[in-house]
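One structure below.
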Amino acid sequence: MQYLLDFTGIGALNLLLLSLTISPLSRVFKFIQLIRIRKTLGVYAAIYALSHFGVFIVFELQFEWRLIVSEIIDRPYITVGFCSLFILSLLLVSSFDFAKSKLKRNWQRLHNWVYLALALACLHFLWSIKSTEIEAIIYFAMGIAALLLRRDKLLKPLKQKIIKNRK
Ligand code: HEM
């Protein structure tokens, strides 16, 4: 069980990080074809994260549904992981073409939440370990860096709302 949890957890985090490096890489190297694999990596990241949750339900909780709710509420690192998984699931469902055409401008706004999902997943990893592990600290630093680098993009809707309310 521990191997499956680690494999799917690290797999989800690596795929998520990889998918987020595609845009800057394609811009720097002017290699636009790279964008095509961004969605595939994101979809696989969500599938790995859902499998990770599945392993937890099947092997650790053995389908004890009441336990699942109490674990999510009582254990902060599980709460944070659940929030990340919730966002990734929303992004997965909305990644289909029909959802894109329905959501229109809101689609991009929704997909900006991926940075929050990444930061929460990194925090979940750091919080889940019992002793200090350099690997978890590096992932956490990468999650925070990704959020900081995109802060203007992420805070734009909030700033627009504040300006609108002032008028
Ligand atoms: C409800 C959602 C989630 C649950 C219940 C959950 C549960 C767990 C558990 C029980 C562990 C093992 C902790 C230990 O070793 O004692 C773990 C580790 C981990 N989880 Fe999650 N997790 C969730 C969501 C996520 C998500 C969304 C990601 C990534 C996108 C993620 C990434 C990781 C990573 C990277 C580890 C550490 C693996 C390692 O030690 O090698 N988890 N999680």
Side-chain angles (χ1 to χ4, degrees), residues 1-26 34-96 99-100 103 106-151 153-154:
M1 184 202 78
Q2 194 61 47
Y3 173 78
L4 283 176
L5 262 180
D6 294 353
F7 179 77
T8 49
I10 286 287
L13 203 48
N14 284 340
L15 285 161
L16 198 54
L17 272 166
L18 256 180
S19 75
L20 293 178
T21 52
I22 295 290
S23 290
L25 277 182
S26 72
L34 266 181
I35 293 290
R36 283 199 206 135
I37 61 165
R38 190 178 55 181
K39 180 179 161 185
T40 315
L41 289 171
V43 166
Y44 275 108
I47 292 173
Y48 264 72
L50 284 167
S51 320
H52 180 68
F53 187 42
V55 170
F56 183 67
I57 292 178
V58 175
F59 296 104
E60 185 145 336
L61 304 185
Q62 299 179 355
F63 296 107
E64 279 273 354
W65 300 106
R66 264 179 299 134
L67 259 184
I68 297 174
V69 179
S70 67
E71 286 283 294
I72 292 172
I73 295 171
D74 298 338
R75 292 169 79 184
Y77 88 92
I78 300 280
T79 316
V80 168
F82 181 78
C83 293
S84 174
L85 182 70
F86 181 71
I87 297 173
L88 291 176
S89 307
L90 281 183
L91 302 186
L92 176 66
V93 172
S94 64
S95 67
F96 297 103
K100 203 171 181 177
L103 288 167
N106 288 329
W107 188 88
Q108 190 52 55
R109 271 190 210 155
L110 176 67
H111 278 251
N112 284 342
W113 283 71
V114 68
Y115 299 102
L116 182 61
L118 171 69
L120 290 172
C122 293
L123 179 62
H124 164 76
F125 182 10
L126 190 66
W127 220 334
S128 76
I129 52 170
K130 274 107 204 158
S131 57
T132 319
E133 238 179 62
I134 191 73
E135 193 189 3
I137 295 170
I138 292 171
Y139 273 104
F140 184 67
M142 285 196 284
I144 296 298
L147 264 185
L148 287 177
L149 286 171
R150 309 288 167 124
R151 65 182 181 280
K153 202 173 167 185
L154 297 173

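In listed order, ligands and their atoms are each counted from 1.
Within a 6.0 Å sphere centred on CZ of F7, heavy atoms belonging to other residues, nucleotides or ligands number 12 at most. A 6.0 Å sphere centred on CZ of F56 holds more than 12 heavy atoms belonging to other residues, nucleotides or ligands.
Close to ligand 1: Q2, with a non-hydrogen atom less than 4.0 angstrom away.
Among all non-hydrogen protein atoms, the one lying nearest atom 14 (C) of ligand 1 is K130 NZ, 3.6 Å. Nearest protein heavy-atom contact of atom 39 (C) of ligand 1 is D6 OD1, 3.4 Å. The nearest protein atom to atom 27 (C) of ligand 1, hydrogens excluded, is given as S84 OG, 3.6 Å; this is a heavy-atom distance.
Aromatic ring orientation, F82 versus F86: parallel (interplanar angle below 30°, classes split at 30° and 60°). Taking the six-membered ring for Trp and thresholds of 30 and 60 degrees, H52 and H124 have ring planes more than 60 degrees apart, a perpendicular arrangement.
Judged by distance alone, the side chain of K39 and the main-chain N or O of S95 form a donor-acceptor pair under 3.5 Å.
What you find for S19 and G42 is that their closest heavy atoms are CB-N, 3.9 Å.
W113 meets the side chain to side chain contact (heavy atoms under 4.5 Å, CB included) test with I87, L116; sequence neighbours excluded.
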Side chain to side chain donor-acceptor pair (under 3.5 Å) assessment of N14 paired with Y44 = CA-CA 10 Å; N14 284 340; Y44 275 108; over 6 Å; no

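With waters left out, the protein N, O or S atoms under 2.8 Å from atom 21 (Fe) of ligand 1 add up to 2.
In the vicinity of F82, heavy-atom distances shorter than 4.0 Å reach the ligand 1 atoms 1 (C), 2 (C).
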